[in-house]
Amino acid sequence: MMLESDKQPSKVGDYRMKVTKSDQLVLAMYAVATPLFDGDPCAPLRHQLWNPRTAVWKLSVDAMTDYPHHHLFYSLNCCRQRASVAGLEREEGETRKTEQEPKRKTMLTVSPQTMTEMWATMGSTIASFMFLWAIFRQFCPYEVRRYLEKYSQRIMSFFYPYIKISIHEYTGGRLKRSEAYAAVEAYLSVNSTKYAKRLKAEMGKDCSNLVLSMDEHERVTDEFRGVKVWWVSSKLVSPSQSMYPQQERRYYKLAFHKNHREMITEVYLQYVMREGKEIRMRNRQRKLYTNSPGYKWPSYKQTMWSHIVFEHPATFETMALEPEKKQEIIEDLLTFSKSKDFYARIGKAWKRGYLLYGPPGTGKSTMIAAMANLLNYDVYDLELTAVKDNTELRKLLIETTSKSIIVIEDIDCSLDLTGQRKKKVEKSLDDEKEKSEKEIPRKDLKEEANSKVTLSGLLNFIDGLWSACGGERLIVFTTNYVEKLDPALIRRGRMDKHIELSYCSFEAFKVLAMNYLKLKAHPMFDTIEGLMKETRITPADVAENLMPKSPLDNAEKCLSNLIQALEEVKEAEAFKTEKE
Ligand SMILES: Nc1ncnc2c1ncn2[C@@H]1O[C@H](COP(=O)(O)OP(=O)(O)OP(=O)(O)O)[C@@H](O)[C@H]1O
């Protein structure tokens with residue numbers, strides 16, 4: 001330590017020291033730990049005052065003395081701390097009236113030695129604390145420790161002004177990943193890429209880009225309506241036991257000041273959940289589920305659906321359909337997807353039934369893909385013939401998620417929906433009984449009779465109580481023979497919108513010509529239009545003819561192929577009418 005001797009504050013009066021932040025604790029400790037006593041060389045220092053707002057220490061000196069600077073040495077050494085005290089300055093205006101000394105400035109500089117001492121002290125203090133803590137943990141009985149911890153936490157929480165909320169990845173066993181955790185993860189993935197210093201990168205689900213998220217033990221600050229909150233990502237590692245490997249339990253911790261408790265718990269958390277879910281929905285890889293009959297893995301989580309990534313490229317833009325009809329369907333779908341509040345208000349489950357009917361190859365399946373792509377929904381392709389009974393059908397329904405389309409294709413072929421099935425099976429039972437009871441065991445036939453979904457089971461599936469679980473779902477039936485279906489099945493309210501997909505019109509052809517040949521107009525279009533008015537051809541057939549079959553095939557070749565196909569259909573129709 002060095003003191004500039006010509007600037008010693010050796011006069012009676014009030015002195016002011018500006019102290020750096022790291023010295024504040026040092027001097028505060030000294031002030032408390034060193035009482036003045038008679039004969040103390042520091043006695044002339046009557047008191048020391050600390051003003052935290054101005055970071056200024058006041059030293060009051062009672063008598064003429066040379067001691068103040070010694071006192072400073074003494075105090076700083078006592079505390080073994082660094083004190084870079086700048087501008088020990090005699091305070092203007094507070095000079096004792098008895099003294100008329102000129103103003104003087106004293107500079108005190110401290111050598112790096114003190115810094116080393118400070119670190120050494122801090123190190124040894126921490127080491128001692130850790131040692132004591134380890135002893136405490138090892139020898140203190142668990143009950144006492146728990147008791148102490150409980151009360152120490154209560155005392156701490158009394159003084160500690162921050163509230164913490166943990167959101168764990170798995171709750172209630174490890175069966176299902178917490179939705180809340182996933183939503184927070186998604187929400188923070190956007191925030192953390194901007195602010196976090198340690199990020200982890202994972203390949204996105206579609207393998208096209210890297211997804212960045214907060215690394216473990218990283219902290220990000222978020223601000224909501226002017227209130228600051230802190231998110232920390234952490235994990236608990238439970239030790240491995242003989243049979244089970246080491247388990248990691250990840251969680252997010254949210255910290256905020258207790259003054260904002262209501263706003264954070266009631267508004268902010270809901271906002272995070274909503275945003276997170278939306279981000280997940282945007283980023284998710286959509287799936288095509290199916291209830292394949294043999295899918296019965298003996299896993300702890302047995303799902304009735306198996307899935308693959310849904311990557312159908314169909315959109316309403318590429319669909320060959322009259323523009324007005326197309327627009328009407330798009331608007332209907334979009335209105336449905338935005339009507340959550342409306343459905344809640346009228347007390348109706350948030351779902352809508354579509355019946356797509358028309359001859360084969362008119363684009364029913366294509367339209368389902370276009371619907372899924374428009375609304376960003378998953379698709380559940382339900383194979384009714386693989387469903388054992390109504391109970392299984394209900395289980396399948398419960399396992400479907402929100403924002404999905406449940407499709408039953410060719411519903412007329414899936415089961416007898418005219419109510420005949422039961423009678424038929426019963427009849428066959430009687431016949432078989434008459435023939436030979438031994439030939440076919442009765443039990444098997446009974447099983448056959450009970451192993452199918454009934455019309456009432458299907459009606460329940462569409463609009464029974466269970467169908468309201470989950471919300472935001474489309475149920476789509478397709479059929480080639482609408483007249484075969486039971487009217488109860490397709491009445492409005494069950495199948496809200498009936499869409500007929502029919503033979504290719506000239507308008508629809510123009511969409512296909514644009515898709516396949518990039519042609520808006522062509523001299524051959526007139527011939528095609530004329531033929532299309534006279535005959536019927538499905539969009540699938542038109543599409544097939546417009547498809548180039550070799551690298552040499554140009555637009556003219558494809559269009560003439562189509563004209564030829566149309567003429568052939570026309571001839572066949574004429575021949576058929578003649579025959580009739
Ligand atoms: N309206 C259409 N717009 C665009 N392409 C279509 C259309 N209709 C049919 N296609 C084309 O024809 C093919 C068959 O269509 P799709 O499978 O959708 O018909 P479908 O009506 O479902 O037939 P099915 O009743 O036999 O299941 C599709 O791959 C598609 O390329």
Side-chain angles (χ1 to χ4, degrees), residues 205-208 281-292 305-338 351-384 396 400-414 472-480 482 495-505 507-516 538-544 546-547:
K205 282 178 187 160
D206 55 358
C207 297
S208 60
M281 204 50 82
R282 273 203 305 273
N283 296 344
R284 82 191 164 137
Q285 183 90 58
R286 275 174 309 121
K287 289 175 186 147
L288 172 61
Y289 293 86
T290 183
N291 59 319
S292 52
W305 295 98
S306 49
H307 67 260
I308 55 161
V309 173
F310 178 72
E311 285 177 327
H312 201 294
T315 61
F316 276 98
E317 240 171 56
T318 59
M319 268 216 77
L321 210 62
E322 292 74 36
E324 308 80 49
K325 198 169 182 180
K326 200 188 281 191
Q327 195 53 35
E328 187 195 317
I329 299 168
I330 292 174
E331 276 170 16
D332 190 88
L333 288 166
L334 292 177
T335 311
F336 165 78
S337 71
K338 290 175 195 153
K351 64 188 171 61
R352 191 158 172 80
Y354 282 81
L355 174 71
L356 309 184
Y357 65 96
T362 49
K364 296 179 290 296
S365 312
T366 313
M367 177 167 282
I368 294 167
M371 283 173 160
N373 286 334
L374 177 76
L375 299 177
N376 213 3
Y377 282 6
D378 288 323
V379 178
Y380 287 86
D381 187 6
L382 179 60
E383 179 55 60
L384 263 193
L396 282 162
T400 59
T401 53
S402 175
K403 288 190 182 288
S404 56
I405 304 181
I406 303 172
V407 181
I408 303 180
E409 287 216 69
D410 299 318
I411 184 123
D412 52 300
C413 309
S414 300
E472 199 169 358
R473 273 185 297 219
L474 295 180
I475 298 174
V476 181
F477 290 170
T478 72
T479 181
N480 296 339
V482 69
M495 289 293 110
D496 305 279
K497 194 160 176 65
H498 296 190
I499 301 170
E500 184 182 6
L501 291 160
S502 189
Y503 294 103
C504 195
S505 64
E507 286 299 318
F509 156 76
K510 285 207 284 190
V511 179
L512 291 175
M514 189 64 200
N515 291 348
Y516 285 78
T538 62
D541 287 335
V542 175
E544 180 53 29
L546 293 182
M547 185 96 81

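All values derive from a computational prediction rather than experimental measurement.
- Considering only heavy atoms from C-beta on, Leu546 comes within 4.5 Å of Phe509 through its side chain.
- By the neighbour-count criterion of 12 heavy atoms within 6.0 Å, atom CD of Glu317 is sparsely surrounded, having that number or fewer from other residues, nucleotides or ligands.
- The distance from the CG atom of Asn373 to the OG1 atom of Thr315 is 7.5 Å, given to the nearest 0.5 Å.
- Residues Leu333 and Phe316 meet the side-chain proximity criterion, which asks for heavy atoms closer than 4.5 Å.
- One distance of note links OG1 of Thr401 with CH2 of Trp305; it measures 10.0 Å at 0.5 Å rounding.
- Note that the CG atom of Asp381 and the NE2 atom of His307 stand 14.5 Å from one another [nearest 0.5 Å].
- In this structure, Leu355 and Thr478 have side chains that are not in contact, with every pair of non-hydrogen atoms separated by 4.5 Å or more.
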field: Test log, rule side chain to side chain contact (heavy atoms under 4.5 Å, CB included), inputs Glu328 and Lys497
entry: CA-CA 11 Å; Glu328 187 195 317; Lys497 194 160 176 65; 2.6 Å; yes
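- Defined by atom type and a distance below 3.5 Å, a donor-acceptor pair is missing between the side-chain atoms of Glu383 and Thr290.
- Of all heavy-atom pairs spanning Ala508 and Ala320, the tightest one is O-CB, 3.3 Å.
- Lys403 NZ to Glu472 CD: the interatomic distance, rounded to the nearest 0.5 Å, is 3.5 Å.
- Classified by interplanar angle (parallel below 30°, tilted 30° to 60°, perpendicular above 60°), the ring pair Tyr357/His498 is perpendicular.
- We find the OG-NZ distance between Ser502 and Lys325 to be 7.0 Å, quoted to the nearest 0.5 Å.
- Note that CG of Leu375 and OG of Ser404 are 11.0 Å apart. Values are rounded to the nearest 0.5 Å.
- For the pair Lys364 and Asn480, the minimum side-chain heavy-atom distance is below 4.5 Å.
- Closest of all the heavy-atom pairs between Gly363 and Met319 is O-CE, 3.7 Å.
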task: Show your working on side chain to side chain contact (heavy atoms under 4.5 Å, CB included) between Leu382 and Thr400 and close with a plain yes or no.
output: CA-CA 11 Å; Leu382 179 60; Thr400 59; over 6 Å; no
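- Side-chain polar atoms of Asn515 and Thr318 form no donor-acceptor pair below 3.5 angstrom.
- Side-chain atoms of Lys510 and Met514, non-hydrogen and from C-beta on, never get closer than 4.5 Å to each other.
- Contact check for Arg286 versus Val379: no side-chain heavy atoms found under the 4.5 Å cut-off.
- Two residues are said to be in side-chain contact when any heavy atoms from C-beta on lie closer than 4.5 Å; Ile329 and Met367 meet this criterion.
- Under the side chain to side chain contact (heavy atoms under 4.5 Å, CB included) criterion, Pro359 pairs with Thr362, Tyr503, sequence neighbours left out.
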field: From CA spacing to verdict: side chain to side chain contact (heavy atoms under 4.5 Å, CB included), Val476, Glu409
entry: CA-CA 8 Å; Val476 181; Glu409 287 216 69; over 6 Å; no
query: Going through the checks in order, is the side chain to side chain contact (heavy atoms under 4.5 Å, CB included) test met by Val511 and Leu321?
result: CA-CA 8 Å; Val511 179; Leu321 210 62; over 6 Å; no
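- For the pair Tyr380/Asn291, no side-chain contact is recorded, criterion being any heavy-atom separation below 4.5 Å from C-beta on.
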